[in-house]
Amino acid sequence: MEIQCIYGAEAFARYLPRLRAARVIAVDLETTGLDPHVDKVRLVQLAAEGLPVLVVDCETFLPGGAPLLCEALSTGAVKVFQNAKFDLQFLMALSIHPKPLFDTMLAGRLLYLPGMPRRANLQTLVETYLGETLDKTWQTSDFRTELTEEQIAYAARDAQVLLGLWQAMVPRLREAGLAQVAEIEFSCARAVAQMEYHGICLDLDAWQDLLVRTERARDDALEGLYAYTGRPMAQTTLWGQDQSLGLNLDSNVVALALLNRNGIPVTATAKGDLYPYRHHPLVQAFGEYRRATKALSSFLYPIPAMVHPVTGRLHPQYGQISAFTGRMSCGNPNIQQIPRDRAFRACFTAPPGRRLVIADYSQIELRVAAQVSRDSRMLAAYSAGEDLHRLTASLLLHKAPDAVNKQDRQAAKAVNFGLIFGMGAAGLAQYAAQSYGAPMTQEEAERFRSRFFQAYEGIAAWHGRLKAHPPREGRTLTGRRFAYGTSPSLPELSNSPVQGTAADILKKALGLLADRLAQSSAWIVGTVHDEILLECPEAEAEETAALLSRTMAEAADVVLPDVPGEVEAVVCGTWADK
DNA sequence: TCAGTTCGCGCG
DNA sequence: AAAGCGCGCGAACTGA
């Protein structure tokens, strides 16, 4: 492996023509840390066929050389990265937006099968796909100090090895039928980099108000609980007066004993177990206590500390291929589990002069289920622009669609979601009552179940096929693959391709948006499974909303040839207004 | 003392 | 035989 160290823009410029002629360029960055808003790029390594690996010393190259680097990365060449989302954020800070790209880590995740190493770090990928070893011990080395020969050599090797990985992985992806989903994921990585880089605004004052109100709600709930636990004792501690209940309500063992002692014969303390006793004042107070303490410990207390000291915004981290089905996960904080309660969502805002543009898919999983199962009645209903929940209600209750009232529709919603994924009658009755406020006896649930499958024969046939020949691996409509364990259940078999295909659609939309919003002042600031949040200047809000809904609908149409995708978009000041 | 597991619950 | 699925996170609990 030949290495060429580059000091200064002139030295780099000499290689520009050859870089511009390359078909594939592997790119790797060494940075002084992990935070693109704080840390600096120390080295840029570029590897291309017929060139020495260029190791660019950024202290002598940046910022003046950034336009040259941008030029080198602006051809149609494939840019190969390991975990592109990381490098892309540092490049964004230099106004460099490379595309198209290939991400070896995402490719590794897509190709994963049981029996392979699960990790998709560079070292593991090199062992798996190239049969070579890669010494990564040097990676802990410090790039804030003077560079050593050894650091340069290893940095060059990291870029070089990406070329080999690309070469090995492209045919593997093709052979496995993963080319289409790989393209989706690679485009999406640019959107994920944007989301993490820009983050989202949190109104800390409103948050603090909510925190105080929730603490009061917790204390009110405690007041109600004292009737059963006894008054707390005033204790004098080192820090002054303290109230102690003498029993820990956060312990399930303790809570269970308290409930049992008061005539509530449950065996677990979860909301579902307590549902039959929901009118009991102890259960009500306990539920309120749980709700408040959950909100405080999961959201209200920890999240303010996550506001970035430099940007003043939250920067949630996304796991692009983290869920089994291909959905994204999110953490630090997990923006995807913020309560729907307006009080919480209203704290997520657009900064002054800007607006949020938010859109979500309407009933995306049901539309996907219609496409995957090819149920003719569902396909027809969606093609005609009908309301599927209403249709199901009318079929279950033998009513005309117009005669379906709100409660009917609510119950049908639970039936649709539950039965498509193989729920049993008992589960359905419980689920309808708890999640949809639609009380249903077991007998009713059983009757609904049989009528449902009479009405939607395509769904019944699809389940029948899955039960008769349980597949060992599943696929989404774009080819995403997942291997099932031994004897997967019907719910697993039916849910995974549907949830996964819905994820494909959202990711496709994000990828298209990354293109269409490139260099604009509209940014992607978040996503929640079937929803995309953008932020843009006030004056551009309407056209951005139109672009967003157009793009999301287009993504759905690419993946679902026989079902229209329906998108609802709004322009608003806070997330609560969606 | 500490890492790993389980329960419970927020979201889609 | 019986069955919605997928996450992340906090607190309690377990085991060494």
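Please read these numbers as outputs of a predicted model, since none were measured by experiment. Per chain, numbering begins at 1; letters A, B, ... match sequence-line order.
- Atom-to-atom, CD of A/Gln434 to P of B/dC9 comes out at 10 Å; the value is rounded to the nearest Å.
- Between the P atom of B/dG10 and the CG atom of A/Asn334 lies a distance of 14 Å, rounded to the nearest Å.
- Consecutive Watson-Crick or G-U pairs involving DNA chain C, each under 3.5 Å on both distances, make up stems of three or more pairs at B:1-12 with C:5-16.
- Remark: the A/Ser496 side chain and the A/Tyr484 side chain contain an N/O donor-acceptor pair separated by less than 3.5 Å.
- Heavy atoms of A/Ser322 sit under 4.0 angstrom from primed sugar atoms or phosphate atoms, though from no base atom.
- A/His315 and A/His37 have their aromatic ring centers within a separation under 6.0 angstrom.
- For the pair A/Arg290 CZ and B/dC7 P, the interatomic distance rounds to 13 Å; values are reported in whole Å.
- At least one cation-pi condition fails for A/Arg218 and A/Tyr289: the charged atom is not both under 6.0 angstrom from the six-membered ring centre and inside a 45 degree cone around its axis.
- B/dC9 atom C1' lies 12 Å from atom CZ of A/Arg291, rounded to whole Å.
- For the pair A/Asn495 CG and B/dG12 P, the computed distance is 16 Å after rounding to whole Å.
- One donor-acceptor pair, N or O on each side, does fall under 3.5 Å between the base of B/dG12 and the side chain of A/Arg327.
- Residue-level contact check: A/Ala502 touches neither bases nor backbone, having no heavy atom under 4.0 Å from any strand.
- Under the 6.0 Å cut-off for aromatic ring centres, A/Phe286 and A/Tyr228 do not qualify, their centroids lying 6.0 Å or more apart.
- Separation of atoms OH (A/Tyr456) and CG (A/Asn416) is listed at 5.5 Å; rounding is to 0.5 Å.
- Contact annotation for A/Ile338: backbone-only contact, meaning every heavy-atom pair under 4.0 Å involves sugar-phosphate atoms and none involves a base.
- Atom CZ in A/Phe344 sits about 9 Å away from atom P in B/dC11, given to the nearest Å.
- Under the 30°/60° scheme for interplanar angles, the aromatic rings of A/Phe344 and A/Phe299 are found to stand perpendicular.
- Donor-acceptor pairing under 3.5 Å is lacking for the side chains of A/Thr349 and A/Asp203.
- Residue contacts for A/Ser489: at a heavy-atom cut-off of 4.0 Å it reaches a base atom on one of the strands shown.
- Within 4.0 Å (heavy atoms only), A/Tyr431 reaches at least one base atom of the nucleic acid.
- Under 3.5 Å, the side chains of A/Gln363 and A/Glu566 contain no donor-acceptor pair of N or O atoms.
- Using a 4.0 Å cut-off between a side-chain N of Lys or Arg and a carboxylate O of Asp or Glu, A/Asp250 and A/Arg290 do not qualify as a salt bridge.
- Among the protein residues, A/Gly424 comes within range of the sugar-phosphate backbone only, with heavy atoms under 4.0 Å from sugar or phosphate atoms but none that close to a base.
- Nucleotides of DNA chain C that come within less than 4.0 Å of any heavy atom of chain A span, from the 5' end to the 3' end, C/dA3 to C/dC13.
- Counting only heavy atoms from C-beta on, A/Lys271 has its side chain closest to B/dC9 among B/dC11, B/dC9, B/dC7.
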Identify each atom pair where a protein N or O and an N or O of nucleotides 2-4 of chain B are less than 3.5 Å apart, giving names and distance.
none

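- Aromatic rings from A/Phe421 and A/His463 are positioned such that their centres are separated by 6.0 Å or more.
- Taking atom CG of residue A/Leu256 and atom C1' of nucleotide B/dG8, one finds them 13 Å apart after rounding to whole Å.
- Each of A/Lys85, A/Arg480, A/Arg109 was scored for a salt bridge (Lys or Arg N to Asp or Glu O under 4.0 Å) with A/Glu185, with one residue passing: A/Arg480.
- When only modelled atom types and interatomic distance are considered, A/Gln317 and A/Asn332 share no side-chain donor-acceptor pair under 3.5 Å.
- A/Asn332 comes within 4.0 angstrom of the backbone, heavy atoms only, and of no base.
- Among all heavy-atom pairs drawn from A/Leu178 and A/Gly479, the shortest one is CD2-O, 3.2 Å.
- Contacts of A/Thr269 with the nucleic acid, taken as non-hydrogen atoms under 4.0 Å apart, involve only primed sugar atoms and P, OP1 or OP2.
- Summarising the geometry, the separation between CE on A/Met552 and C1' on B/dG12 is reported as 13 Å, rounded to the nearest angstrom.
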